[in-house]
Amino acid sequence: MLVVAVLLFSCKGESVAADGPITMQSEADKLILKNFLKHTESAVARITPETVAEIEEVESICWVWSKYLHMPLVAHKLTNDDRYIDSFVKGMDALLTRLREGPDGYLGFRGIPLPIFRDENDPTAEIDVDIAEFEVVRLICEFVEHVNNDEVLKRKYGDNASQYLELVENHLAGQKWESRELYVDVGTQGAVFRMPPECGNDRDNLTNPHNKQSKMCRAYLALYRVTGKDEYFRKAVKLGVRFKHTLTLDGGRYRWNYWDPAGDWDRTQNQSGEWKHWIGPEARGIYHGLTVAMAEALYDHGVVFDRSDMQQFVNTQVEVCWNRCFDEPEFYTTVGRPMGEPMIAPALARFDEKVWELCYGDDAAIELLERRDHEWGGGVLAIGYLTGKYLKPRTEEATRGRFRDRFTRNPENAAFLNEL
């Protein structure tokens with residue numbers, strides 16, 4: 001810790017060139033990048049048709065495999081080394097061999113759900129895991145957007161991008177969710193995604209928690225950016241509107257639950273008619289961050305959430321969820337209950353200097369450097385740090401607001417937003 005801290009102190013304020021278009025701001029960050037690139041190579045090498053064929057619990061594609069695959073895409077953005085794009089395409093092609101056809105003909109990442117979601121009467125029943133598919137959708141859209149913004153990349157990888165998008169639109173994010181009645185429009189209250197009816201333990205048709213709705217919402221925004229199809233923007237807005245309706249404003253701060261019911265399908269089928277899921281504040285830092293990321297993404301596209309909304313999320317972060325101490329930080333839920341893990345929403349860093357320092361300052365760099373040799377800590381966990389610090393604009397302004405402008409050129413779309 002001391003050696004790392006001395007390194008940070010001695011280099012603070014210097015700019016150190018990386019092996020590409022991005023300039024690292026310190027020797028510490030240069031070392032973080034160096035180790036991230038090393039872990040990227042080993043992570044992508046794991047993604048083969050043989051290894052993904054063995055995946056049974058396909059939710060791991062969301063939380064593990066897609067993160068391995070995100071690494072080479074981030075690596076290319078940081079270094080401009082095309083071998084990382086080659087690695088991404090090779091890895092994505094391998095991952096997509098894990099797709100299976102459902103009874104209705106749609107392809108998806110089918111497999112058995114996590115134990116808590118299984119039907120004890122049919123524990124081998126397979127489902128398409130929505131968050132796995134939408135995480136891959138967002139990853140594909142990020143690749144397509146990156147390729148389309150560079151004529152050299154577009155000439156080389158344009159066919160890959162087109163093929164991936166065709167798969168996304170026809171299967172992964174296509175009409176199958178509506179046909180299966182798992183994307184549910186609830187009118188002016190927005191829309192939600194439900195879990196498949198094959199799930200057990202009172203998870204059958206259950207409305208997904210907010211952190212998972214966030215994944216679908218941000219995937220639809222990404223789809224709109226690369227296709228220009230209004231239906232995707234509408235769905236993203238609907239999902240965001242529903243989340244906003246569940247927020248409680250308390251003294252200039254937002255409070256929200258991990259899960260909120262959206263319809264009678266969320267009640268048990270026994271006589272009690274109780275809710276199938278517990279209702280209370282989010283109790284995991286990663287879920288906290290994912291949920292707030294939905295609000296930030298919508299704000300950035302100029303819809304649902306405005307600057308005052310984002311300030312209310314910031315107020316919750318710095319006045320309730322964190323004691324504003326860097327040396328001995330303490331964390332709490334949105335209602336002030338002590339937490340044993342960080343409750344940090346990196347999406348708020350652009351709006352507040354203290355949150356920025358917490359996410360991307362010296363202490364954050366020290367923590368990453370201490371784990372730099374660990375494939376997860378120095379690899380996957382470095383994605384957020386490097387992306388947030390070097391690849392996202394550090395501005396309070398909405399950098400993607402032009403997409404709202406494009407959407408509202410159609411008077412029907414403008415009326416749609418006004419109704420909500």
Side-chain angles (χ1 to χ4, degrees), residues 1-13 24-29 31-33 35-36 63 67 210-211 214 247 250-258 280-296 309-374 376-390 392 394 396:
M1 172 79 78
L2 180 60
V3 173
V4 174
V6 170
L7 174 63
L8 280 168
F9 179 77
S10 63
C11 298
K12 192 171 184 179
M24 297 290 102
Q25 295 176 7
S26 69
E27 286 288 346
D29 284 357
L31 187 55
I32 288 171
L33 174 61
N35 283 275
F36 171 73
W63 305 111
K67 295 185 183 300
H210 298 302
N211 74 89
S214 172
L247 295 172
D250 180 12
R253 301 177 292 268
Y254 272 140
R255 291 191 288 109
W256 63 93
N257 294 319
Y258 167 75
E282 287 179 308
R284 291 292 308 276
I286 185 174
Y287 301 154
H288 173 81
L290 284 170
T291 300
V292 176
M294 171 165 48
E296 186 239 3
D309 290 309
M310 300 316 299
Q311 187 59 49
Q312 281 147 190
F313 281 111
V314 168
N315 295 343
T316 301
Q317 180 68 69
V318 300
E319 296 174 10
V320 181
C321 295
W322 171 45
N323 65 349
R324 287 176 280 186
C325 178
F326 295 102
D327 296 331
E328 296 183 6
E330 297 176 358
F331 298 96
Y332 308 86
T333 67
T334 59
V335 295
R337 297 173 187 165
M339 285 293 300
E341 61 180 270
M343 293 289 282
I344 305 170
L348 299 175
R350 61 193 277 196
F351 303 106
D352 186 85
E353 288 294 329
K354 283 186 176 292
V355 180
W356 175 273
E357 182 67 20
L358 180 66
C359 294
Y360 308 118
D362 289 354
D363 290 339
I366 289 171
E367 186 175 352
L368 270 179
L369 283 175
E370 289 178 336
R371 317 185 280 220
R372 64 185 181 273
D373 293 328
H374 189 275
W376 189 268
V380 169
L381 295 185
I383 294 175
Y385 178 87
L386 292 168
T387 299
K389 191 169 185 177
Y390 290 100
K392 288 184 64 175
R394 188 179 177 182
E396 295 182 11

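Nearest heavy-atom pair, Phe351 versus Glu296, reported as atom, atom and distance to 0.1 Å: CE1-CG, 4.1 Å. Arg253 and Glu319 make their closest contact through NH1-OE1, 2.9 Å (heavy atoms, listed as atom of the first residue, atom of the second, distance). Nearest heavy-atom pair, Asp29 versus Ala365, reported as atom, atom and distance to 0.1 Å: OD1-CB, 4.2 Å. The two atoms that bring Val355 and Ala345 nearest to each other are CG1-O, 4.1 Å, heavy atoms only. Shortest non-hydrogen contact noted between Tyr360 and Ala349 is CE1-CB, 3.6 Å. The heavy-atom pair separating Tyr385 from Cys359 by the smallest distance is CD1-O, 3.7 Å.
With a 4.5 Å cut-off on side-chain heavy atoms, Glu341 and Phe331 do not count as touching. Between Lys67 and Trp376 there is a side-chain heavy-atom pair separated by less than 4.5 Å.
Expressed to the nearest 0.5 Å, how far CD1 of Ile383 lies from CZ of Phe36 amounts to 5.0 Å. Rounding to the nearest 0.5 angstrom, the gap separating the CG atom in Asn35 from the CG atom in Leu369 is 8.0 Å. Here the CZ-CG distance, from Arg372 to Leu33, works out to 13.5 Å after rounding to the nearest 0.5 Å. Note that CG of Leu358 and CG of Leu348 are 10.5 Å apart. Values are rounded to the nearest 0.5 Å. Once rounded to the nearest 0.5 Å, the distance linking CH2 of Trp322 with NZ of Lys354 reads 6.0 Å. In this structure, NE2 on His288 lies 9.5 Å from CE on Met339, to the nearest 0.5 angstrom.
In this structure, Arg337 places its CZ atom where only 12 or fewer heavy-atom neighbours from other residues, nucleotides or ligands lie under 6.0 Å away.
A donor-acceptor pair under 3.5 Å is absent between the side-chain atoms of Asp352 and the main chain of Val314, judged by distance alone. Between the side chain of Asn323 and the main chain of Glu330, a donor-acceptor pair closer than 3.5 Å is present. With hydrogens and angles ignored, the 3.5 Å screen pairs no side-chain donor or acceptor of Tyr254 with any backbone N or O of Thr334. Of the possible donor and acceptor atoms, none in the side chain of Gln312 sits under 3.5 Å from a partner among the backbone N and O of Gly251.
Side chains of Glu282 and Trp256: a donor-acceptor N/O pair is present below 3.5 angstrom, by distance only.
Applying side chain to side chain contact (heavy atoms under 4.5 Å, CB included) to His210 and the options Val292, Thr291, Leu247, Leu290 leaves one that passes, Thr291.
No salt bridge links Glu357 with Arg324; every basic N to acidic carboxylate O contact stays at or beyond 4.0 Å.
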